[in-house]
Amino acid sequence: MRSISNKNKFLLQRLLDASSGFLLSFVFLLLKRKKRIIFNSTVNTDFTFNSKYLFLNHKDNLEAQGYEIKFVINDIAKREALTKKYGDYFISSKGLSNKCYILNAAGWIMSTMDPPIGGIFLNHNRFVLQLGHGTPIKNIGLMDGSASYLKRAYYKLMTSNVTYYLSPSDFFAEYIGKAFGVTQKQVMVMSQPRLESMNYSQSDFINQHRTNSKTKLVLYSPTWRPYEDVKLFPFDDYSAQSIKQQLIEANMVIFVRLHPKFEGDLSPYLNSQVINLNSQAVEDITEHLDQFDILLTDYSSIFCDFAMLNKPVGFIPYDKETYQKSVGFSFNYQDVTWGDEINSLEKLFSIDRRHRPGEQLNILNIAPNAQDIDRRLTIELGEVITS
């Protein structure tokens, strides 16, 4: 796999975005807000994560209450494609008129720490909800041991912009406060909107590899490392030929899904039974999780979502000590995972019902509750509109 500079990949873009609307944001501090909600995801480029699914699943209800709903996508081709598919909901954050339109909104809903328009005190007379994009198994925000001083300064600056941070369960609420340097009053315990959509659609690209009703489809989704590229199939008994033959005999197909922002060359690993499921094939994996029978991962929070389907998860924490020193975990890794460590092909082919989450499922995520999400949004946005 090619080497990737992982540590601060988006920091420059984030700093440029933060400065671009700095002065303009002050002009709108005291203005009355329009009944308008702006959604976005990573640096205004992606249609992904929790903000995507809150938008898709709740826009009709919000529109019925009289809100204008828009999602920021700065890539022109992607914006045009999304408009063709979903309607006239997608806008740019570039240009004075677009910035003013966004700054006039009563609500912003984000998946990351990247606001639609840069600045400070953007939550003044505005409801700004940071949804996150997964359960915080590995350290995030200010708790991330690999974050540079500049990145930490960016996070501290952005905390002045957020009204509430979502915690996916009571178990993680205190940690979320520490990770973003805020009080518990700013932590909202609520189900992740993405969990409503784990069987949202069927990918033909995935389904074409299911030979028959007994074929097992395995999603192998390791997380990225700030210190090196991920090592796939880190087993002493691994070889490309041996795994191919065993997969054929087991009627099994493995789809390798690297972190979409840190993809690399997978060609040495690929064959008819090991498929590259990159972001070009499937942009957001969440809505396709139910197509898979088994998940393989390490420290990625994707296992917390997949666990809600009550299917087996195999963990491959081959560099756990190094990862602990570099990034760290929100809680003891053993306390939030289950089953035997997968450290050989033999164990990989032995994953079964024993690798289902059991008791740990109760602490990872609140079960999807659309009514609760709608109620919380109505209350919080209503207070801004009437103030």
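The hydrophobic cluster containing Ile366, built from Ile/Leu/Val/Met/Phe/Trp/Tyr side-chain heavy atoms closer than 4.5 Å, also comprises Val189.
Cluster membership check: Phe47 does not share its hydrophobic cluster with Ile285, using side-chain heavy-atom separations under 4.5 Å among Ile, Leu, Val, Met, Phe, Trp and Tyr. Leu29 and Phe127 are not part of a single hydrophobic cluster, where members link through side-chain heavy atoms under 4.5 Å apart.
Between the side chain of Asn278 and the main chain of Ala281, a donor-acceptor pair closer than 3.5 Å is present. Judged by distance alone, with hydrogens and angles left aside, the side-chain atoms of Ser300 form no donor-acceptor pair with the main-chain N or O of Pro222 at under 3.5 Å. In this structure a side-chain-to-backbone donor-acceptor pair under 3.5 Å is missing from Ser111 to Ser41. At least one donor-acceptor pair closer than 3.5 Å links the side chain of Arg210 to the backbone N or O of Gln291. Panel note: side chain Asn161, backbone Gly119; a donor-acceptor pair is recorded below 3.5 Å. When atom types are taken as modelled, the side chain of Trp224 and the backbone of Glu263 share no donor-acceptor pair closer than 3.5 angstrom. Under a 3.5 Å cut-off, the side chain of Gln130 and the backbone N or O of Gly132 do form a donor-acceptor pair. Counting only distance, with no hydrogens or angles, the side chain of Lys138 and the backbone of Thr223 share no donor-acceptor pair below 3.5 Å. Distance alone, capped at 3.5 Å, is enough to place a donor-acceptor pair between the Gln273 side chain and the Met252 backbone. A donor-acceptor pair under 3.5 Å links the side-chain atoms of Arg257 to the main chain of Val282, judged by distance alone.
In this structure Arg376 satisfies the side chain to side chain donor-acceptor pair (under 3.5 Å) test with no other residue, sequence neighbours excluded.
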Exercise. Can you list the steps and then say if His209 with Phe205 is a ring-ring contact (aromatic ring centres under 6.0 Å, His included)?
Worked result: CA-CA 8 Å; His209 295 281; Phe205 179 83; 5.7 Å; yes

Problem set entry | CA sep, side-chain torsions, deciding dist, call: Leu295, Lys311, side-chain contact (heavy atoms from CB on, under 4.5 Å) | CA-CA 8 Å; Leu295 173 70; Lys311 295 180 180 181; over 6 Å; no

Exercise. After noting the C-alpha distance and the side-chain angles of Gln186 and Thr163, does the key distance pass the side chain to side chain donor-acceptor pair (under 3.5 Å) rule?
Worked result: CA-CA 6 Å; Gln186 285 184 259; Thr163 312; over 6 Å; no

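A donor-acceptor pair shorter than 3.5 Å can be found between the side chains of Tyr154 and Asp114. A donor atom on one side chain and an acceptor atom on the other are found under 3.5 Å apart for Gln245 and Glu249. Using modelled atom types, one finds a donor on one side chain and an acceptor on the other under 3.5 Å when comparing Glu287 with Ser201. Side-chain N/O atoms of Asn139 and Tyr175 include a donor and acceptor closer than 3.5 Å. Side chains of Ser160 and Asn123: a donor-acceptor N/O pair is absent below 3.5 angstrom, by distance only. Defined by atom type and a distance below 3.5 Å, a donor-acceptor pair is present between the side-chain atoms of His58 and Glu196. Using a 3.5 Å distance cut-off with no hydrogens or angles, the side chains of Asn74 and Ser93 do pair a donor with an acceptor.
Taking the six-membered ring where tryptophan is involved, the planes of Phe180 and Tyr165 are essentially parallel, since the angle between them stays under 30° and well short of 60°. Note on ring orientation: taking the six-membered ring where Trp is involved, the planes of Phe233 and Phe235 are perpendicular (angle over 60°, cut-offs 30° and 60°).
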Distance-only check: which donor-acceptor pairs under 3.5 Å involve side-chain atoms of residues 332-340, not counting sequence neighbours?
unit_1, atom_1, unit_2, atom_2, d
Asn332, OD1, Gln334, N, 2.9
Tyr333, OH, Asp298, O, 2.6
Thr337, OG1, Tyr333, O, 2.8
Trp338, NE1, His355, O, 2.8

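Note: Tyr323 and Phe329 meet the aromatic proximity criterion, with ring centroids under 6.0 Å apart. A distance of 6.0 Å or more separates the ring centres of Tyr89 and Phe39.
His133 places none of its side-chain heavy atoms less than 4.5 Å from the side chain of Thr42.
Each of Leu131, Val182, Leu129, Val187 was evaluated against Tyr164; a single residue qualifies, Leu129, per the side-chain contact (heavy atoms from CB on, under 4.5 Å) test.
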